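FYI, the numbering just counts along the sequence from 1. As the structure is a computational prediction, the values presented were derived from the model and not from experiment.
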Amino acid sequence: MNDEQDRPYGCSTPGCSQRFQTEDHLMIHKHKHEMTLKFSSIKADPLADQTPTPTRFLRNCEEVGLFNEIEQEFRQAQEEQNNKQVRCKKQHFS
């Protein structure tokens, strides 16, 4: 048997030639492509591995400013917590 008969379900993503025995396996594989962040700076080599490792995913999120709002809220909450601690210490020693 040839590959198309053994694995009739082929990935339709450009540059990907993987084939699968079941449609379920193909759908699981397609999620990899859906999770891939498509930044023009990364797309230089169409055959490059685009699997979003945690480090690469976080770096790309930082590049587009995804965490800016979250980071700002975190810093504000941290500052408020620090201010509360200072007030409590001042009241305790007064």
Side-chain angles (χ1 to χ4, degrees):
M1 282 197 178
N2 66 25
D3 197 40
E4 285 189 29
Q5 289 174 333
D6 281 348
R7 299 169 183 261
Y9 300 95
C11 182
S12 60
T13 301
C16 184
S17 60
Q18 291 194 29
R19 303 189 67 77
F20 301 90
Q21 291 179 337
T22 68
E23 192 171 10
D24 288 341
H25 291 160
L26 173 61
M27 297 308 293
I28 292 168
H29 166 78
K30 282 187 173 186
H31 287 294
K32 174 186 130 177
H33 294 298
E34 291 170 5
M35 290 173 47
T36 301
L37 297 175
K38 299 189 189 298
F39 293 98
S40 58
S41 60
I42 295 175
K43 297 285 282 175
D45 181 3
L47 300 176
D49 179 20
Q50 295 182 5
T51 304
T53 62
T55 302
R56 189 180 308 154
F57 177 77
L58 291 173
R59 184 177 62 236
N60 291 336
C61 289
E62 288 173 353
E63 286 176 7
V64 298
L66 186 64
F67 297 131
N68 289 349
E69 186 177 330
I70 296 169
E71 185 176 0
Q72 183 180 9
E73 290 176 13
F74 174 78
R75 290 185 190 280
Q76 184 178 1
Q78 192 175 30
E79 187 175 319
E80 289 173 5
Q81 182 67 28
N82 289 343
N83 289 341
K84 284 180 186 177
Q85 288 176 349
V86 168
R87 284 194 300 265
C88 285
K89 286 181 182 179
K90 285 182 179 179
Q91 289 176 355
H92 181 69
F93 291 112
S94 297

Residues pairing under side chain to side chain donor-acceptor pair (under 3.5 Å) where one sits in residues 76-86, two or more places apart or in two chains, turn out to be none
Report the distance from atom NZ of Lys30 to atom CZ of Phe20, rounding to the nearest 0.5 Å.
10.0 Å
Please report the interatomic distance CE(Met27) to SG(Cys11), rounded to the nearest 0.5 Å.
10.5 Å
What closest approach, in Å, do Tyr9 and Thr22 show between heavy atoms, and which atom pair accounts for it?
CD1-C, 3.5 Å
Looking at CZ of Arg19 and NE2 of His29, how far apart are the two atoms once the value is rounded to the nearest 0.5 Å?
11.5 Å
What residues, two or more places apart in sequence or in another chain, satisfy salt bridge (charged side-chain N to carboxylate O under 4.0 Å, His left out) together with Glu71?
Arg75
